[in-house]
Amino acid sequence: IASNFIRHGQKTGQLRSFEPSAFIFWACVYVLNFHGSVGIREAIWGETPRRDRKRRGRSEFVRDLEHYLRP
């Protein structure tokens, strides 16, 4: 559904050209890493003070995204 939505937007000129599956992969990595792993770890162990969770989640996401995008 998401790929078709993106492709339709590209065909009608509403979206620039990019590979839909790459974007969907990025979105999945973001959701699982930023919202999942950090949030789940914190809910179980509560290692990071609440004020630092967002910064930690973002840094882990960027690290993982850079890893997945390397050739």
Side-chain angles (χ1 to χ4, degrees):
I1 293 171
S3 292
N4 289 338
F5 179 80
I6 292 169
R7 285 191 180 98
H8 176 74
Q10 290 172 332
K11 286 179 185 175
T12 59
Q14 296 174 333
L15 293 173
R16 66 179 176 82
S17 180
F18 62 91
E19 180 54 45
S21 61
F23 174 77
I24 293 168
F25 177 71
W26 171 85
C28 290
V29 169
Y30 176 83
V31 169
L32 291 174
N33 189 16
F34 186 76
H35 294 291
S37 64
V38 173
I40 291 169
R41 251 193 333 268
E42 294 305 325
I44 296 171
W45 294 289
E47 305 168 337
T48 305
R50 187 172 188 85
R51 68 183 182 279
D52 296 331
R53 288 181 191 165
K54 190 173 186 178
R55 179 187 48 79
R56 181 176 175 190
R58 283 184 178 172
S59 67
E60 289 184 15
F61 165 71
V62 169
R63 183 194 68 222
D64 289 349
L65 183 60
E66 288 172 344
H67 169 77
Y68 290 121
L69 292 178
R70 281 190 203 119

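Please read all numbers here as calculations on a predicted model, not as lab measurements.
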Nearest 0.5 angstrom please: S17 OG to R7 CZ, how far?
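It comes to 10.5 Å.
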Rounded to the nearest 0.5 Å, how far does CD1 of I1 lie from CD1 of I6?
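Atom-to-atom, I6:CD1 and I1:CD1 are 12.0 Å apart.
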Whether Q10 side chain and L15 backbone form a donor-acceptor pair below 3.5 Å:
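Side chain of Q10 to backbone of L15: no pair is present.
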